[in-house]
Amino acid sequence: MDPALLTVLLFLSIIIVLFFSVPIAFGVGIVSLAFGYFVWGPASIFILGSQVYSGMQNTSLVSLPFFMFMASILVRSGIADDLYSAMYLIIGKVRGGLAIGTIFVCAGIGCMSGVSAVGVITSTKIALPAMLSRNYDEKIALGVIMAGGALGQLFPPSILAIVFSGLSGVSVGKMFAVGLSTGAVMVFFLVAYIVVRCWLDKNLCPAADDSMMGHIEPKERVRIYLRTVPSVLVVFAVLGSLFAGIATPTEAAAIGAAASMIIALILGTIDLKRIFEAAVEAAKQTTMVLWIALNSLLLVSVYSGIGGDEVVRALIDSLGVSPGVVIGVMLATIFVLGFFVDPIGILFLVMPVFLPVLTALDVNMVWIGALVILVLETAYLTPPFGYNIFFLKSVAPPSISLRTIYAAAPAFVLIQLVTVAACFTMPGIVLWIIN
């Protein structure tokens, strides 16, 4: 059968399966196995099995359970909570200070965890009541928490960076490095937005006065500041060991997981029961990712085997479009899928289609990875299935409706897209850190 027709039927079948709410991991796997059997017969079981076995040898995936475990420990131990106490003292009296501080704290939490859930849940519990009690605009308060939490997908140790590295072969270390630069750009635009909005309307995010802050003795201030040391130690354990060349990304993940657990035990903020719960949660999350990875490897094998990558490459060559247009189409596809599909699932669905084409066009894959992760970050805020929307709702006060959270998202999605545009048109602001 014609490879072009097979390619169209393959992806049309996947869309139909997802439309009927079949989990993406199993839906993709079922379709891939069916097409493999149709094309190669019973021999497809051995062909696809060997391909999947080879793909699952990727050692970068070993770091996933460590980072998942570290994130679970941080949620249960309260280590991240102490950052807010210090932030509140430092910047609480500035107009919009709590919102700006939330962004910086979420960036710090992102450097400890690599996922968005920790920042969102911690901010909702601590920062949201503080902002609302000081008459902050509700949409800004909610939007800052969702967008700030998503920074965990940019800053190392980003789970999305690990998965992209496994798919593309790009060094995890380089992806972590550009995560620092793209994360800094995103923080800049988020803070700039808050500052401008507060300058235009002084009632949106009022500054806290002395009566709101309360009197805090100097010794208590010192104690609050010292409580941020564990957070710094966790970040240093992961990023310090990685960028100093002491550890590989996988080893740095193990160091971070061990450091977070040991520090929490020393502080007495966690016990063996909670450690066990954190381990179970990490195992569940890792299993979900690996099932998606395994079944996506089936898709990649079938897609390549039927000549799908050659079909797409020939189509682009016949259209005579520039690499910029190809990248733009890819990013637009990812953005649209982000409304409906899990970000990790999007990576496994989209990248096998575009990676061979982008490789042939000889574009910088580190830059591509940064752009892809930036766009995937919007998926955490876009209704109806943005993860951060539901993380926030799960711990927000009952008075905060889902409709209100939905209404808070668009402005911050727009800021994320502005960041994507800046990094797309000026690659230097992404790549300077590795040049």
Side-chain angles (χ1 to χ4, degrees), residues 67 80 83 86-87 90-91 94 96-97 99-116 118-120 123 143-162 164-165 170-197 228 231-232 234-236 238-240 242-244 249 252 256 331 364 366-378 380-381 388 411-435:
F67 285 130
L83 287 174
M87 174 273 297
I90 295 170
I91 202 169
V94 178
I100 294 171
T102 298
I103 293 169
F104 284 117
V105 170
C106 282
I109 293 174
C111 289
M112 288 188 285
S113 67
V115 296
S116 63
V118 183
V120 174
S123 302
V144 160
I145 289 172
M146 288 188 287
L151 291 170
Q153 301 300 336
L154 285 180
F155 285 101
S158 163
I159 299 301
L160 291 179
I162 295 170
F164 180 85
S165 171
V170 175
S171 161
V172 177
K174 288 185 177 180
M175 290 306 306
F176 280 177
V178 296
L180 291 173
S181 55
T182 53
V185 175
M186 180 67 78
V187 167
F188 169 79
F189 280 113
L190 288 171
V191 171
Y193 172 76
I194 300 301
V195 170
V196 171
R197 288 294 305 275
T228 65
S231 302
V232 175
V234 173
V235 174
F236 180 77
V238 178
L239 301 187
L242 179 63
F243 292 122
L331 298 179
N364 189 309
V366 178
W367 175 56
I368 293 296
L371 292 175
V372 166
I373 293 171
L374 276 170
V375 178
L376 283 172
E377 190 183 14
T378 66
Y380 287 85
L381 275 70
N388 286 5
F412 289 87
V413 171
L414 182 60
I415 296 169
Q416 291 175 326
L417 293 177
V418 169
T419 306
V420 174
C423 294
F424 178 79
T425 55
M426 297 179 288
I429 64 176
V430 174
L431 299 175
W432 66 268
I433 198 167
I434 61 173
N435 291 334

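One is the number of the first residue; the rest follow in order along the sequence.
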Which heavy atom of [X] sits nearest to which heavy atom of [Y], and what is that distance?
X	Y	value
M175	A161	CB-CB, 4.0 Å
V185	C423	CG1-SG, 4.4 Å
A177	I434	CB-CG2, 3.7 Å
G179	P156	C-CD, 4.0 Å
A184	F155	N-CZ, 3.8 Å
G148	C106	O-CB, 3.1 Å

Among pairs that include at least one residue of residues 366-375, which meet side chain to side chain donor-acceptor pair (under 3.5 Å), considering only residues two or more places apart or in two chains?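 Sorted pair list comes back empty.
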All pairs passing side chain to side chain donor-acceptor pair (under 3.5 Å) where residues 180-195 contributes a residue, at least two apart: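 Sorted result for residues 180-195: Y193-R197.
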What residues, two or more places apart in sequence or in another chain, satisfy side chain to side chain contact (heavy atoms under 4.5 Å, CB included) together with [X]?
X	answer
A147	L190, L381, F412
V195	I100, V191
F188	none
V420	L331, L374, V375

Nearest 0.5 angstrom please: [X] [atom1] to [Y] [atom2], how far?
X	Y	atom1	atom2	value
M146	Q416	CE	CD	9.5 Å
N388	T378	CG	OG1	11.0 Å
L160	I162	CG	CD1	9.5 Å
F176	S165	CZ	OG	8.0 Å
L417	F189	CG	CZ	12.0 Å

I'd like to check V170 versus I368 (side-chain heavy atoms, cut-off strictly below 4.5 Å). Are they in contact?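 No, side chains not in contact.
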Hey, are the side chains of T419 and E377 touching, using non-hydrogen atoms and a 4.5 Å cut-off?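 Of all side-chain heavy-atom pairs linking E377 with T419, none is under 4.5 Å.
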What donor-acceptor contacts under 3.5 angstrom involve side-chain atoms of residues 424-431, with partners at least two apart or in another chain?
{"from": "T425", "atom 1": "OG1", "to": "A421", "atom 2": "O", "distance (Å)": "2.8"}
{"from": "T425", "atom 1": "OG1", "to": "A422", "atom 2": "O", "distance (Å)": "3.4"}

